[in-house]
Amino acid sequence: MDDLPSPCAKALASFKRSFAKLPEVGARAPGRVNLIGEHTDYNDGFVLPAALSVHTAVLGGRRSDRLVTVVAADFADTQDRFSLNDPIIRQTESPWKNHVRGMVAELLALHPDLSGFNLAIAGNIPQGTGLSSSASIAVAIGTAVFALHDILFDPFAIARLAQASECNFVGTQCGIMDQLASACGQVDHALLIDCSNHTARPVRMPDNIAILIIQSGVVRELSEG
């Protein structure tokens with residue numbers, strides 16, 4: 001993968017091709033691997049995930065209307081367009097659009113005066129592998145959209161909105177682990193999360209420890225669970 005363009009570079013090229021201008025803001029959010037605590041995040045337990053170097057990049061620019069146009073660099077610059085003046089409807093085709101629309105719907109419910117914007121998205125998290133590509137997309141979108149509108153936010157708020165998007169729009173009844181790991185993860189640290197109160201603190205990984213992730217080849221889809 002070292003010879004492939006980074007998600008940021010790929011998103012930038014896509015943004016310029018699609019909108020013929022440079023973006024105004026950018027955001028990145030990592031995938032995650034969970035070390036301890038399976039199926040305990042939605043049972044108010046403890047989990048210990050760690051953020052990964054693979055990530056999603058979202059670049060954005062303002063519009064003067066209430067339209068949202070999103071281009072997916074990883075899907076040959078396929079676009080999605082919808083209006084903030086109309087109900088945001090779930091799509092049956094192109095599932096990636098629901099991760100975008102769901103997060104925008106949560107942001108709009110909190111800030112109904114949002115103006116329109118353009119986004120370009122690219123990532124290098126393998127999809128369907130349990131590394132939380134969907135949480136990464138939602139966290140990066142929320143961060144970029146808030147930055148475009150100069151809205152103050154904290155990573156915990158972004159994580160809660162991303163979780164609500166998964167549950168309310170995408171259809172995955174998940175806990176908060178993936179979103180908090182993506183929003184609050186730190187380099188060389190795991191993240192100890194108490195899912196009963198959504199608090200988290202970083203735990204430094206020992207210097208002589210390496211995390212090895214093996215791709216089994218089995219594709220998983222959380223929304224089908």
Side-chain angles (χ1 to χ4, degrees), residues 4-31 54-125 127 132-155 157-159 161-166 168-170 179 182-183:
L4 297 178
S6 70
C8 288
K10 196 172 182 180
L12 178 59
S14 181
F15 194 98
K16 291 192 292 186
R17 281 194 303 268
S18 302
F19 307 116
K21 61 176 67 174
L22 291 173
E24 299 170 68
V25 304
R28 294 191 305 169
V54 288
H55 61 276
T56 300
V58 174
L59 303 182
R62 296 176 178 88
R63 297 177 62 103
S64 58
D65 53 23
R66 294 267 287 174
L67 290 177
V68 173
T69 301
V70 185
V71 56
D74 298 320
F75 295 101
D77 287 353
T78 301
Q79 290 192 9
D80 188 24
R81 175 175 288 193
F82 54 93
S83 173
L84 298 175
N85 292 325
D86 302 324
I88 299 178
I89 300 172
R90 195 174 189 276
Q91 300 293 290
T92 56
E93 299 180 358
S94 302
W96 69 267
K97 296 179 181 179
N98 289 325
H99 295 288
V100 179
R101 289 177 172 231
M103 190 60 179
V104 173
E106 293 297 331
L107 297 170
L108 187 62
L110 192 62
H111 296 279
D113 57 343
L114 289 181
S115 61
F117 47 87
N118 298 321
L119 298 178
I121 303 174
N124 59 2
I125 304 173
Q127 298 183 21
S132 298
S133 59
S134 59
S136 171
I137 292 172
V139 169
I141 288 173
T143 303
V145 173
F146 274 177
L148 279 173
H149 292 83
D150 298 319
I151 298 172
L152 295 177
F153 63 91
D154 64 75
I158 291 288
L161 289 169
Q163 181 199 18
S165 169
E166 289 272 6
N168 299 334
F169 199 94
V170 177
Q179 295 79 14
S182 185

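Just the heavy atoms: all of them, side chains too, but no hydrogens, waters or symmetry mates, feed the values below.
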Indicate the atoms forming the closest heavy-atom contact of [X] with [Y], along with that distance.
| X | Y | value |
| --- | --- | --- |
| Trp96 | Asp80 | CH2-CB, 4.0 Å |
| Gly102 | Ser165 | C-OG, 3.0 Å |
| Gly26 | Leu59 | CA-CD2, 3.6 Å |
| Phe117 | Leu148 | CB-CD1, 3.7 Å |
| Gln179 | Ala162 | CG-CB, 3.5 Å |
| Val170 | Asn98 | CG2-O, 3.8 Å |

Chi angles and distances behind the side chain to side chain contact (heavy atoms under 4.5 Å, CB included) call for Leu114, Ile151: CA-CA 10 Å; Leu114 289 181; Ile151 298 172; 4.1 Å; yes
Aromatic ring pairing Phe146/Phe153, orientation class (parallel under 30°, perpendicular over 60°, tilted between): tilted
Donor-acceptor pair, side chain of [X] and main chain of [Y], under 3.5 angstrom:
| X | Y | answer |
| --- | --- | --- |
| Ser136 | Ser132 | no |
| Asp74 | Ala122 | no |
| Arg66 | Leu84 | yes |
| Ser182 | Gly31 | no |

Across all chains, not counting sequence neighbours, the side-chain hydrogen bond (donor to acceptor under 3.5 Å, both in side chains) partners of Asn118 are Arg63
Under the side chain to side chain contact (heavy atoms under 4.5 Å, CB included) rule, what do Lys16 and Leu12 come out as? Steps first, then yes or no, please. CA-CA 6 Å; Lys16 291 192 292 186; Leu12 178 59; 4.1 Å; yes
Test side chain to side chain contact (heavy atoms under 4.5 Å, CB included) applied to Arg28 and Thr56, step by step: CA-CA 6 Å; Arg28 294 191 305 169; Thr56 300; over 6 Å; no
Nearest 0.5 angstrom please: [X] [atom1] to [Y] [atom2], how far?
| X | Y | atom1 | atom2 | value |
| --- | --- | --- | --- | --- |
| Met103 | Glu166 | CE | CD | 10.0 Å |
| Glu106 | Ile88 | CD | CD1 | 9.5 Å |
| Arg90 | Thr92 | CZ | OG1 | 8.5 Å |

Side chains of His149 and Ser115: is there a donor and an acceptor less than 3.5 Å apart? yes
Under 3.5 Å, is there a donor on one side chain and an acceptor on the other for Thr69 and Gln79? no
With a 4.5 Å cut-off on side-chain heavy atoms, are Leu161 and Leu107 touching? yes
Under the criterion side chain to side chain contact (heavy atoms under 4.5 Å, CB included), I'd like the reasoning laid out for Lys21 against Phe15: C-alpha separation, chi angles, the key distance, then a yes or no. CA-CA 7 Å; Lys21 61 176 67 174; Phe15 194 98; 3.9 Å; yes
Within a 6.0 Å radius of atom CZ on Arg101, are there more than 12 heavy atoms belonging to other residues, nucleotides or ligands? yes
